[in-house]
Colleague: 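Below you will find the structure I want to go over with you.
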Amino acid sequence: MGATVYCLCNQKGGCGKSMSSVSLGIGLAREGKKVLLVDVDAQGSMTASLGYQHPDRMEVTLATILGAVITDSPLPDGGGILHHEEGVDLLPANIELSGLEVTLVNTMSRETILRQYLRTVRNKYDVIILDCMPSLGMLTINALAAADEILIPVQAQYLSIKGLEQLIRTIAKVKRQINPGLSIAGILVTMADMRTNYAKDIVEILHKTYDGKLRIFDSIIPLSVRAAETSAEGKSIYLHDPAGKVAAAYQALTREVVGR
């Protein structure tokens, strides 16, 4: 069986997906897990936030790997996986992934190309985390088809909640048609200023709508300028601001995920 594959997914951008993917991944590595982070976003946000500031200059990325799977070519030596100083491995992404999305449309078994690749590395890890692009395109469908569990980061804003229904419908469709083992691990509230009534109202609406249907993690990731600085530094929140409230919130989330 190998690793549990988590997918962080939301078609709305700017909801802290990459930050949450990196922080959860490094949090799990700090708990002794062997973790692979996979950047499934052509913008390369996860790749850049781990310190690889010029993803477009990289020779081997997820696009290279998936291209090899599509054409039945041998995978490059080392599989393009980078070893990060904070104890996680990374399969990076860059703009080439956009071109691959177009190629996937005409590919046989197009929804399961990423799953085919992950089978080749799954036994080397305890956890694999997929950071999706903000869309419900073919690459996101590939991530859903490859995942065991989905974490849905939701910014504490009304528009973010409105988009949730469409995402949950898409997940249900993938579960029905492609990946019957897929489940939603929970909804993670991000970038929340819980001092405001607005953020409290959003969390309350989420609970009213989804309690009894979906888990809403107790850990709420607070809005923080320090968190926004981490992607420019190429360090996780645990190194950048170890005593801060965001690091504490992600540590609590990691415990929730492990303890389920």
Side-chain angles (χ1 to χ4, degrees), residues 6-31 35 37 39 41 43-53 55 84-88 90 127 129-134 150-164 167 185-207 210 215-259:
Y6 291 100
C7 167
L8 276 81
C9 178
N10 193 328
Q11 76 272 30
K12 188 179 181 304
C15 61
K17 267 194 307 295
S18 297
M19 172 84 186
S20 298
S21 299
V22 167
S23 302
L24 176 60
I26 292 175
L28 289 166
R30 288 156 62 99
E31 297 275 333
V35 179
L37 302 175
D39 196 341
D41 184 352
Q43 294 171 26
S45 302
M46 175 192 261
T47 302
S49 67
L50 282 167
Y52 304 97
Q53 295 292 349
H84 191 267
E85 63 186 1
E86 290 189 64
V88 292
L90 168 70
V127 175
I129 294 179
L130 312 175
D131 180 30
C132 291
M133 60 173 59
I150 300 162
L151 269 82
I152 306 174
V154 175
Q155 195 176 354
Q157 286 188 351
Y158 181 64
L159 284 175
S160 298
I161 296 188
K162 283 195 67 97
L164 257 182
L167 176 59
I187 295 170
L188 171 66
V189 179
T190 62
M191 302 160 85
D193 184 352
M194 295 307 289
R195 296 168 303 182
T196 66
N197 286 332
Y198 179 64
K200 289 175 186 165
D201 289 347
I202 295 294
V203 173
E204 192 179 325
I205 291 168
L206 271 174
H207 278 285
Y210 294 108
R215 176 181 189 174
I216 298 167
F217 288 107
D218 294 331
S219 309
I220 291 175
I221 310 304
L223 187 65
S224 159
V225 175
R226 301 302 297 272
E229 293 166 355
T230 58
S231 54
E233 283 214 348
K235 290 180 184 169
S236 77
I237 193 71
Y238 303 113
L239 284 188
H240 180 71
D241 189 20
K245 56 189 181 177
V246 177
Y250 277 118
Q251 278 175 318
L253 172 70
T254 302
R255 288 193 291 271
E256 280 193 81
V257 170
V258 169

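In this chain, numbering begins with 1 at the start of the sequence shown.
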Colleague: If I compare all heavy atoms of Y198 with all of Q157, which pair ends up nearest, and what's the gap?
Modeller: OH-CA, 3.5 Å

Colleague: Could you please spell out the steps behind the side-chain contact (heavy atoms from CB on, under 4.5 Å) verdict for L50 and H84?
Modeller: CA-CA 8 Å; L50 282 167; H84 191 267; 3.7 Å; yes

Colleague: Would L167 and C9 satisfy side-chain contact (heavy atoms from CB on, under 4.5 Å), going step by step from the backbone distance to the final call?
Modeller: CA-CA 8 Å; L167 176 59; C9 178; 3.6 Å; yes

Colleague: Can you measure from NE2 (H207) to CD1 (I216) and round to the nearest 0.5 angstrom?
Modeller: 4.5 Å

Colleague: What's the separation between atom CG in D41 and atom SG in C132, rounded to the nearest 0.5 Å?
Modeller: 8.5 Å

Colleague: Can you pull out every salt bridge (Lys or Arg N to Asp or Glu O under 4.0 Å) where at least one residue sits in residues 20-29? Sequence neighbours excluded, please.
Modeller: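 Checked against salt bridge (Lys or Arg N to Asp or Glu O under 4.0 Å) - neighbours excluded - no pair reaches residues 20-29.
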
Colleague: To the nearest 0.5 angstrom, please state how far the OH atom of Y6 sits from the CD1 atom of I129.
Modeller: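 One finds 8.0 Å between OH of Y6 and CD1 of I129.
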
Colleague: Do L24 and L151 have side-chain heavy atoms sitting under 4.5 Å apart?
Modeller: yes

Colleague: Can you tell me how far the OH atom of Y52 sits from the OG1 atom of T47, to the nearest 0.5 Å?
Modeller: 9.0 Å

Colleague: Please list all pairs meeting salt bridge (Lys or Arg N to Asp or Glu O under 4.0 Å) that have one or both residues in residues 242-253, counting only residues at least two apart or in different chains.
Modeller: none

Colleague: With distance as the sole test, does K17 use its side chain to make a donor-acceptor pair with the main-chain N or O of N10 at under 3.5 Å?
Modeller: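 Checking the backbone N and O of N10 against the side chain of K17, a donor-acceptor pair under 3.5 Å is found.
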
Colleague: Hey, are the side chains of I161 and I205 touching, using non-hydrogen atoms and a 4.5 Å cut-off?
Modeller: yes

Colleague: Identify the two heavy atoms, one from P242 and one from A247, that lie closest to each other, and give their separation to 0.1 Å.
Modeller: O-CB, 3.8 Å

Colleague: According to side chain to side chain donor-acceptor pair (under 3.5 Å), who are the partners of D131, at least two apart in sequence or on a separate chain?
Modeller: S18, S21

Colleague: Is there a side-chain contact between D39 and L37 in this structure, where contact means two heavy atoms from C-beta onward sitting under 4.5 Å apart?
Modeller: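 Not touching, per the 4.5 Å side-chain cut-off.
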
Colleague: What do the steps show when you test L130 against L8 for side-chain contact (heavy atoms from CB on, under 4.5 Å), and what is the final call?
Modeller: CA-CA 6 Å; L130 312 175; L8 276 81; over 6 Å; no

Colleague: Within the supplied structure, the quantity of interest is the number of heavy atoms (other residues, nucleotides, ligands) at a distance under 6.0 Å from Y158 OH; does it exceed 12?
Modeller: no

Colleague: Look up atom OG in S49 and atom CD1 in I237, then write down how far apart they are to the nearest 0.5 Å.
Modeller: 11.5 Å

Colleague: Quick one: closest heavy-atom pair of S224 and V246, and the distance?
Modeller: CB-CG2, 3.3 Å

Colleague: Which heavy-atom pair separates V88 from G25 by the least distance, and what is that distance?
Modeller: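 Reported closest heavy-atom pair: CG1-O, 3.7 Å.
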
Colleague: I'd like to know whether M133 forms a side-chain contact (heavy atoms from CB on, under 4.5 Å) with Q43, so could you lay out the CA-CA distance, the side-chain angles of the two residues, the decisive distance to 0.1 Å, and finally the verdict.
Modeller: CA-CA 8 Å; M133 60 173 59; Q43 294 171 26; 6.0 Å; no

Colleague: Compare all side-chain heavy atoms of I26 with those of Y238 and state whether any distance is below 4.5 angstrom.
Modeller: yes

Colleague: Report the residues that fulfil salt bridge (Lys or Arg N to Asp or Glu O under 4.0 Å) with D218, sequence neighbours left out, ordered by chain and then residue number.
Modeller: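 Residues passing salt bridge (Lys or Arg N to Asp or Glu O under 4.0 Å) with D218: none at all.
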
Colleague: M191: what forms a side chain to side chain contact (heavy atoms under 4.5 Å, CB included) with it, not counting sequence neighbours?
Modeller: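 For M191 the side chain to side chain contact (heavy atoms under 4.5 Å, CB included) partners, ignoring immediate neighbours, are Q155, L223.
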
Colleague: Do S236 and Y250 have side-chain atoms, one donor and one acceptor, less than 3.5 Å apart?
Modeller: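 There is no such pair (donor and acceptor under 3.5 Å, judged by atom type) between the side chains of S236 and Y250.
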
Colleague: Which heavy atom of A29 sits nearest a heavy atom of G87, and at what distance?
Modeller: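 Smallest heavy-atom distance, with atoms named: CB-O, 3.6 Å.
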
Colleague: About how many Å separate CG of L206 and CD1 of I220, when rounded to the nearest 0.5 Å?
Modeller: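 Reported value, rounded in 0.5 Å steps: 9.0 Å.
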
Colleague: What pairs with D193 under side chain to side chain donor-acceptor pair (under 3.5 Å), at least two apart in sequence or on another chain?
Modeller: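 Once residues adjacent in sequence are excluded, the partners of D193 under the side chain to side chain donor-acceptor pair (under 3.5 Å) criterion are R195.
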
Colleague: Identify the heavy atoms of S160 and V154 that sit nearest to each other, and give their distance.
Modeller: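 Nearest heavy atoms, S160 then V154: CB-CG1, 3.8 Å.
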
Colleague: Please check this pair: side chain of E86 against backbone of K235, looking for a donor-acceptor N/O pair closer than 3.5 Å.
Modeller: no

